[in-house]
Chemist: 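Quick one: the structure is below, and I'll ask about it shortly.
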Amino acid sequence: MAGDITLTMIKPYAVTKNYTGDIITQINKAGFKIKALKMTWLSPLQAEQFYAVHKDRPFYGALVQYMASGPIVAMVLQKENAVADFRKLIGATDPAEAAEGTIRKQFGTDKQRNAVHGSDSDENAIIESNFHFAIKDQYAY
Ligand code: ADP
Ligand code: MG
């Protein structure tokens, strides 16, 4: 069904700290199925492209540099209401403001190194999934 996928990336610092397994466990326990997964390393150009929507924001340059500074784990996740439910599971952008029990609260370090990305709309979930996996909309069944 359309609208049931989201794209996440476990960000470099969380991967380097070996949080990948614990984060994936919590994602699965929350009812998300993993439809695609890879560990990879974004080039600065890829990080620029992925976050192009933020290019005029003051944090853009640092964010791009950070996202290309180490390995990431990208996943397409499927669940009913995936985008909203995943953003609830990860919590607020700033781990210090994220609710207790959320992934960013548990595994985030600061506003930039906030452990995970989550798509912000169904449309962007498809765009971002295709960025990493070239899936077209085959998971949106
Ligand atoms: P979210 O990831 O919660 O959707 P945004 O889309 O607003 O948040 O920002 C994208 C990413 O940019 C954030 O996840 C975070 O890593 C980084 N970021 C956002 N705001 C700041 C900030 N004020 N300072 C440093 N990094 C930031
Ligand atoms: Mg966002």
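Both counts, for ligands and for their atoms, begin at 1 and track the order of listing. Keep in mind it's a predicted model, so treat the numbers as computed, not measured. Worth knowing before you read on, the calculation uses all heavy atoms, side chains too, and leaves out hydrogens, waters and symmetry mates.
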Chemist: How far apart are the closest heavy atoms of H117 and L7, and which atoms are they?
Modeler: CD2-O, 3.5 Å

Chemist: If you take all heavy atoms of L77 and A82, which pair is closest and at what distance?
Modeler: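 For L77 versus A82, the nearest heavy atoms are O-CB, 4.3 Å.
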
Chemist: If you look only at distance, which donor and acceptor atoms sit under 3.5 Å apart when one is on a side chain in residues 105-115 and the other is two or more places apart or in another chain?
Modeler:
| residue | atom | partner | partner atom | Å |
| --- | --- | --- | --- | --- |
| Q106 | OE1 | Q26 | NE2 | 2.9 |
| Q106 | NE2 | Q26 | OE1 | 2.8 |
| Q106 | NE2 | G101 | O | 2.9 |
| Q106 | NE2 | T102 | O | 3.2 |
| D110 | OD1 | Q112 | N | 3.2 |
| D110 | OD1 | R113 | N | 2.7 |
| D110 | OD2 | R113 | NE | 3.1 |
| D110 | OD2 | R113 | NH2 | 2.7 |
| Q112 | NE2 | A62 | O | 3.2 |
| N114 | OD1 | K11 | NZ | 2.8 |
| N114 | ND2 | T93 | O | 3.0 |
| N114 | ND2 | K111 | O | 3.4 |

Chemist: Mark up the atoms of ligand 1 that fall under 4.0 Å of a heavy atom belonging to K11, in ascending order.
Modeler: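 Counting atoms of ligand 1 from 1, those under 4.0 Å from K11 are 13 (C), 14 (O), 15 (C), 16 (O).
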
Chemist: Which residue owns the protein heavy atom closest to atom 15 (C) of ligand 1, what's the atom, and how far is it?
Modeler: K111 O, 3.2 Å

Chemist: Within ligand 1, which atoms have a heavy atom of R104 less than 4.0 Å away?
Modeler: 1 (P), 2 (O), 3 (O), 14 (O)

Chemist: By the side chain to side chain donor-acceptor pair (under 3.5 Å) test, which pairs, at least two apart or in different chains, include something from residues 13-24?
Modeler: none

Chemist: Hey, is ligand 1 close enough to R87 that some N/O pair sits below 3.5 Å?
Modeler: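 Yes - when backbone and side-chain N and O of R87 are compared with those of ligand 1, one distance drops under 3.5 Å.
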
Chemist: Which residue owns the protein heavy atom closest to atom 24 (N) of ligand 1, what's the atom, and how far is it?
Modeler: F59 CB, 3.9 Å

Chemist: Main chain of A68, side chain of W41: is a donor-acceptor contact present, judged purely on distance under 3.5 Å?
Modeler: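 Yes; at least one donor-acceptor contact below 3.5 Å.
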
Chemist: How far is atom 9 (O) of ligand 1 from its nearest protein heavy atom, and which residue and atom is that?
Modeler: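 Its nearest protein heavy-atom neighbour is H54 NE2, 3.6 Å.
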
Chemist: Show the atoms of ligand 1 that are less than 4.0 angstrom away from any heavy atom in Q112.
Modeler: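 Numbered from 1, ligand 1 contributes 16 (O), 26 (N).
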
Chemist: Against heavy atoms of T93, which atoms of ligand 1 measure under 4.0 Å?
Modeler: 1 (P), 3 (O), 8 (O), 13 (C)

Chemist: What atoms of ligand 1 come within less than 4.0 Å of a heavy atom belonging to N114?
Modeler: 13 (C), 14 (O), 15 (C), 16 (O)

Chemist: Kindly say whether Y66 contributes a backbone atom to a donor-acceptor pair with the side chain of S69 at under 3.5 angstrom?
Modeler: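 Checking the backbone N and O of Y66 against the side chain of S69, a donor-acceptor pair under 3.5 Å is found.
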
Chemist: Of all the heavy atoms in H117, does at least one lie under 4.0 Å from an atom in ligand 1?
Modeler: no

Chemist: I need the minimum non-hydrogen distance between M39 and P71, along with the two atoms involved.
Modeler: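 In this case the closest contact between M39 and P71 is CE-CB, 3.7 Å.
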
Chemist: Could you pull out the closest heavy-atom pair between Y60 and E48, with the gap in Å?
Modeler: OH-O, 2.9 Å

Chemist: Starting from atom 11 (C) of ligand 1, which protein heavy atom do you reach first, and at what distance in Å?
Modeler: L63 CD2, 3.8 Å

